[in-house]
Amino acid sequence: MDIEVVSASRVFDGTQRTYRHSSSALNCAMNFAVYAPDQASGAALFWLSGLTCTEENFITKAGAQRVAAELGLTIIAPDTSPRGELIPDDPEGAYDFGLGAGFYVNATEAPWVEHYHMRDYVETELYELLVAELGIDRSQIGISGHSMGGHGALTLALRSPDKFRSVSAFAPICSPTQCPWGHKALRGYLGKDTAAWRQYDACTLIEDGASTNAILVDQGTADGFLEDQLKPELLARACTAANIDLTLRMQPGFDHSYYFISTFIEDHLRWHAARL
């Protein structure tokens, strides 16, 4: 598969690149970012971003490259939705649906079904492209993310523990079937049959038998979305019932921003490196 280098910059002991390729899963051109340490260990971490983000937010705001270079950890940051002139968007221009809000699902409803297959894109197409073209070791791949991307990281890891050997999240949407963001996205992309929503909810996946070895979650106590949208207590309850090792750290005074992520990203990178 042909991939084009859009940009490349030296950062600490490594190179931050943005690539562009034609995605068959999404039926459009897509960008994704890769931080490649000079002394790569073979381990890699997928980072899934949240609502309104692109592949640029994490690589410019999180401050992850210094520690990633030290650990030899490659970081892959895809976009959050398909893009392009013919890609449908929320007709009212809402930030929580359509462009920038792919929710890491495979849409089944028109007009989203033609392009909005972010689950297949991350879990299969981009995953295999990186293994084939960039030499990523499939036995040493973890996944993390923020907010909507935290939801994506948890659900992908729970569905495919053989592909993603470690998982963490910052302020994830823990149960989309039980919050307004999730209701809007899942109904819009998947339709009214709530049984079809269960594969895109970390808590219901765990209830239905999905599992992973351990989960690290950081959540700020001053996050304005905490009570209505994120609901980490539901994930804690599900993990306790299923005997999944969840480390849930409630961080006093932190909000939902990249200030929060940049404060604790080193902990997450080291956590993944130790497991990969």
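This structure is a prediction, so every number in the text was calculated from the model and none was measured. Along the sequence shown, residues carry numbers from 1.
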Next on the checklist: Give me the atom names and distance for the closest heavy-atom approach of Pro37 to Gly72.
Outcome noted: CG-C, 3.6 Å
Item to check | Nearest heavy atoms of Ala153 and Leu48, plus distance in Å | outcome: N-CD1, 3.6 Å
Sequence-distant partners of [X], salt bridge (charged side-chain N to carboxylate O under 4.0 Å, His left out), two or more places apart:
{"X": "Arg138", "value": "Glu128"}
{"X": "Arg20", "value": "none"}
{"X": "Asp223", "value": "none"}
{"X": "Asp255", "value": "none"}

Polar side-chain atom of [X] near backbone of [Y] as donor-acceptor pair, under 3.5 Å:
{"X": "Ser23", "Y": "Leu26", "answer": "yes"}
{"X": "Tyr200", "Y": "Asn106", "answer": "yes"}
{"X": "Ser81", "Y": "Gly102", "answer": "no"}
{"X": "Thr155", "Y": "Gly152", "answer": "yes"}
{"X": "Glu125", "Y": "Ser24", "answer": "yes"}
{"X": "Asn27", "Y": "Glu114", "answer": "yes"}
{"X": "Arg159", "Y": "Gln199", "answer": "yes"}
{"X": "Asp201", "Y": "Thr177", "answer": "yes"}
{"X": "Thr80", "Y": "Cys53", "answer": "yes"}
{"X": "Ser147", "Y": "Gly149", "answer": "no"}

Within this structure, what is the [atom1]-[atom2] distance for the pair [X] and [Y], rounded to the nearest 0.5 Å?
{"X": "Ser175", "Y": "Leu154", "atom1": "OG", "atom2": "CG", "answer": "11.0 Å"}
{"X": "Arg270", "Y": "Ile265", "atom1": "CZ", "atom2": "CD1", "answer": "11.5 Å"}
{"X": "Leu126", "Y": "His21", "atom1": "CG", "atom2": "NE2", "answer": "5.5 Å"}
{"X": "Thr54", "Y": "Asp79", "atom1": "OG1", "atom2": "CG", "answer": "5.5 Å"}
{"X": "Cys179", "Y": "His151", "atom1": "SG", "atom2": "NE2", "answer": "9.5 Å"}
{"X": "Leu276", "Y": "Ser41", "atom1": "CG", "atom2": "OG", "answer": "8.0 Å"}

Next on the checklist: Using the rule given for side chain to side chain donor-acceptor pair (under 3.5 Å), can you reason through Gln65 versus Gln16, listing the C-alpha separation, both sets of side-chain angles and the distance that settles it, and then say yes or no?
Outcome noted: CA-CA 8 Å; Gln65 290 92 343; Gln16 181 68 64; 3.1 Å; yes
Checklist entry - Got a sec: does the CG of Asn243 have more than 12 other heavy atoms crowding it under 6.0 Å? => result no
Item to check | Glu266/Arg66 ion pair, N-O < 4.0 Å | outcome: yes
Checklist entry - Is Arg198 paired with Glu207 through a side-chain N to carboxylate O contact shorter than 4.0 Å? => result yes
Check: [X] ring centroid to [Y] ring centroid under 6.0 Å:
{"X": "Tyr189", "Y": "Phe97", "value": "yes"}
{"X": "Tyr127", "Y": "Phe164", "value": "yes"}
{"X": "Phe170", "Y": "Phe260", "value": "yes"}
{"X": "Phe103", "Y": "His117", "value": "no"}

Flag yes if [X] and [Y] sit in one hydrophobic cluster, no otherwise; membership is Ile, Leu, Val, Met, Phe, Trp, Tyr, and two members link when side-chain heavy atoms are under 4.5 Å apart.
{"X": "Leu226", "Y": "Leu246", "answer": "yes"}
{"X": "Leu234", "Y": "Leu205", "answer": "no"}
{"X": "Trp271", "Y": "Phe46", "answer": "no"}
{"X": "Leu216", "Y": "Phe58", "answer": "no"}
{"X": "Tyr104", "Y": "Ile75", "answer": "no"}

Checklist entry - Are Thr221 and Gln251 close enough, and set up right, to give a side chain to side chain donor-acceptor pair (under 3.5 Å), and what steps lead you there? => result CA-CA 6 Å; Thr221 62; Gln251 303 293 359; over 6 Å; no
Item to check | Option passing side-chain contact (heavy atoms from CB on, under 4.5 Å) with Ile173 (candidates Lys231, Gln178, Met148) | outcome: Met148
Checklist outcome for this item: With Leu45 as partner, the option from Leu73, Ile76, Ile141, Thr74 fulfilling side-chain contact (heavy atoms from CB on, under 4.5 Å) is Leu73
Next on the checklist: I need the full list of ring-ring contact (aromatic ring centres under 6.0 Å, His included) pairs touching residues 206-243, with sequence neighbours left out, sorted by first then second residue.
Outcome noted: Trp181-Phe225, Phe225-His256
Checklist entry - Does the side chain to side chain contact (heavy atoms under 4.5 Å, CB included) test come out yes or no for Asp245 and Ile215, once each step is laid out? => result CA-CA 6 Å; Asp245 180 10; Ile215 302 171; over 6 Å; no
Checklist entry - Step by step, would you call Asp218 with His268 a side chain to side chain donor-acceptor pair (under 3.5 Å)? => result CA-CA 9 Å; Asp218 272 305; His268 283 245; 2.7 Å; yes
Next on the checklist: According to side chain to side chain donor-acceptor pair (under 3.5 Å), who are the partners of Asp89, at least two apart in sequence or on a separate chain?
Outcome noted: none
Item to check | Aromatic ring pairing His146/Trp47, orientation class (parallel under 30°, perpendicular over 60°, tilted between) | outcome: parallel
Item to check | Derivation of the side chain to side chain contact (heavy atoms under 4.5 Å, CB included) call for Ile59 and Tyr35 | outcome: CA-CA 8 Å; Ile59 65 175; Tyr35 180 67; over 6 Å; no
